Amino acid sequence: MSARREAARQKPSGPIKVGLIGLGTIGTGVVKLLRRNQRTIDEKVGCGLRLVRIADLDLTRGRGLRLPAGLLVRDARRIVSDPEIDIVIELIGGLEPARSLVRAAIESGKSVVTANKAMLAVHGKELFHEAREFGVDIGFEASVAGGIPIIRVLREGLSADRNLSLYGIVNGTSNYILSRMQEEGREFGEVLAEAQKRGLAEADPSYDVDGVDAAHKLALLARLAFGAEVPLERVPAEGIRGLSQTDLSFAAELGYTVKLLAIAKNVGEEIEVRVHPTMIPKHHVIASVSGAYNAIYLQSEALGSSMYFGLGAGMMPTATAVVADVIEAARAIIKGCQGRVPALGFPNSKRLRIKPLGELRSEYYLRIMAMDRPGVLAEISSILGRNDISIATVLQKGRKIGGAVPVIIRTHEALERDLNRAVRAITGLKSVRGRIVRVRIEDNLG
Ligand code: HSE
């Protein structure tokens with residue numbers, strides 16, 4: 001064992017000391033939870049666990065916390081370089097300075113707990129490698145699906161099984177918006193504006209509604225589920241902005257609910273990873289997950305189906321995941337067994353081909369806004385036929401929107417690449433107006 005590792009493994013003599021970087025919403029929840037449950041947490045760890053320093057750029061904002069003088073400082077380096085501190089919690093989010101601070105903490109032999117999925121999706125490989133080198137732990141349960149302990153499920157609970165597929169509702173903002181649109185018959189913009197007013201959606205909602213946040217989470221989930229490298233740039237992400245009330249009501253008519261799903265599948269030596277709005281049978285258990293809730297529906301070989309449900313965001317739900325990781329890191333420090341569980345479940349990553357989206361085979365819902373005149377449907381179906389796409393259902397009702405009517409087509413299973421070519425050709429027809437809406441259908445979630 002290297003000297004650095006050896007040094008990192010020296011057991012502290014007194015209580016385990018924790019430093020917190022970032023006293024925003026989740027950080028405040030962490031302080032509250034550590035205080036509220038101090039006794040039970042100490043009992044579970046087997047010794048005292050003490051928050052000895054907090055760093056935040058804002059030293060004045062009232063957060064409903066009474067902090068002892070000197071506990072809160074501005075400079076986060078006072079935490080990562082303090083030899084007394086055993087565990088560093090990073091809750092500032094973003095790539096920098098989060099990554100540099102986490103690296104510095106690891107290099108000083110401290111275990112790290114973070115909720116920063118963007119940092120892990122981009123720099124995870126390097127940070128997990130560093131943690132292994134220095135013999136410390138990185139806990140990141142809070143980075144995916146907030147309070148739902150899905151990382152532990154994949155890494156430990158189901159470590160004996162082979163995962164086949166994973167369907168996640170992992171962005172509460174999008175799920176909230178889609179649920180309200182579906183239940184109340186309202187349009188995307190209106191629901192988003194209301195959610196922003198109520199503090200349920202960010203002022204800049206792009207990360208959430210464009211599928212980026214879900215893609216960050218999926219990169220981690222797929223890595224944990226299958227043990228393969230999943231670079232963020234290989235996770236295609238489509239959000240929910242393009243969907244309208246018309247699509248949701250036609251989906252319902254066809255027997256589906258629309259969810260923004262993070263999907264990962266393992267077939268042989270290949271994996272599929274993608275985030276997009278998906279039509280799923282409306283009676284499937286994951287279709288009932290509404291509002292800001294998250295859920296992960298998993299198919300594994302021996303267990304079969306299982307689903308993990310709860311709040312994926314919010315102060316206290318997310319704080320439970322952060323503090324659970326702190327407890328786990330503390331237990332490992334006491335026993336001198338940091339690094340016992342590989343951070344991503346597999347000590348070595350496997351080489352599995354990531355299937356390009358163009359090779360996906362799926363059924364599709366298409367909404368084409370077309371002029372209501374003879375021959376239009378024939379033109380559209382001829383393009384689909386020429387591209388090897390077979391039609392399962394056509395719906396056309398006189399709901400005129402801006403001079404055109406929605407023509408709804410549900411296809412049989414087709415190749416995504418063929419579908420894209422057909423969509424481009426149909427978009428170019430004189431009798432077709434605007435953008436074609438395309439939603440992938442998943443009928444067999446298991
Ligand atoms: N903004 C995320 C969501 C929560 O809406 O689910 C943090 O990952």
Side-chain angles (χ1 to χ4, degrees), residues 22 24-30 89-95 98 113-124 139-151 166-182 188 191-224 232 235 237-241 243 258-263 275-278 286 289-297 307-325:
T25 306
I26 311 303
T28 303
V30 166
I89 307 173
E90 180 277 307
L91 295 176
I92 51 176
L95 299 184
V113 173
T114 178
N116 193 335
K117 67 231 141 211
M119 175 185 74
L120 293 178
V122 177
H123 299 300
F140 54 101
E141 187 65 74
S143 65
V144 180
I148 308 174
I150 187 64
I151 307 284
L166 177 154
Y167 297 90
I169 295 177
V170 290
N171 185 265
T173 307
S174 297
N175 202 43
Y176 174 84
I177 294 173
L178 284 177
S179 304
R180 291 281 84 79
M181 287 172 72
Q182 255 147 179
F188 172 82
V191 180
L192 171 63
E194 189 209 284
Q196 284 171 317
K197 217 153 90 194
R198 294 179 52 198
L200 298 170
E202 303 282 339
D204 175 0
S206 6
Y207 250 52
D208 290 318
V209 302
D210 294 333
V212 182
D213 172 74
H216 285 147
K217 293 167 178 166
L218 183 62
L220 287 166
L221 287 175
R223 175 73 166 81
L224 282 151
L232 184 60
V235 184
E238 222 175 81
I240 61 168
R241 280 186 209 265
L243 296 172
V258 182
K259 293 287 178 196
L260 180 71
L261 287 190
I263 301 174
V275 172
H276 51 69
T278 315
I286 200 169
V289 175
S290 68
Y293 279 93
N294 281 199
I296 292 97
Y297 183 80
M307 189 164 97
Y308 309 89
F309 165 86
L311 280 172
M315 180 191 280
M316 297 317 287
T318 311
T320 63
V322 172
V323 176
D325 276 345

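All ligand and atom numbering here is 1-based and tracks the order in the structure. Only a predicted model underlies this, so the values are computations on that prediction, with no experimental measurement involved. When reading the values below, keep in mind they use all heavy atoms of this one structure, side chains included, and skip hydrogens, waters and symmetry mates.
Of the heavy atoms in Asn294, none comes closer than 4.0 Å to ligand 1. Residue-level proximity to ligand 1 for Glu202 is absent, since no heavy atom of it falls below 4.0 angstrom.
In the vicinity of Asp208, heavy-atom distances shorter than 4.0 Å reach the ligand 1 atoms 1 (N), 2 (C), 3 (C), 5 (O). Which parts of ligand 1 touch Lys217 is read off a 4.0 Å heavy-atom cut-off, strictly below it: atoms 2 (C), 4 (C), 6 (O), 7 (C), 8 (O). Of all the atoms in ligand 1, the ones that sit under 4.0 Å from a non-hydrogen atom of Lys117 are 7 (C), 8 (O). Listed by atom number, the atoms of ligand 1 under 4.0 Å from Gly172 heavy atoms are 3 (C), 5 (O), 6 (O). Counting the atoms of ligand 1 from 1 in the order shown, those under 4.0 Å from a heavy atom of Ala313 are 4 (C).
In the displayed structure, Tyr293 atom OH is contacted under 6.0 Å by at most 12 heavy atoms of other residues, nucleotides or ligands. Under a cut-off of 6.0 angstrom, the local environment of CD in Glu194 is crowded, with over 12 non-hydrogen atoms contributed by other residues, nucleotides or ligands.
Distance from atom 5 (O) of ligand 1 to its nearest protein heavy atom, with residue and atom name: Thr173 OG1, 2.5 Å.
Partner of Glu141 under the side chain to side chain contact (heavy atoms under 4.5 Å, CB included) criterion, chosen from Thr320, Ile151, Val323: Ile151. Test Leu220, Asn116, Val113 against Ser143 for side chain to side chain contact (heavy atoms under 4.5 Å, CB included) and you get one pass: Leu220.
Between the Gln196 side chain and the Ala201 main chain, no donor and acceptor come within less than 3.5 Å of each other.
A distance of 7.5 Å separates CD1 of Ile286 from CD1 of Ile296, quoted to the nearest 0.5 Å.
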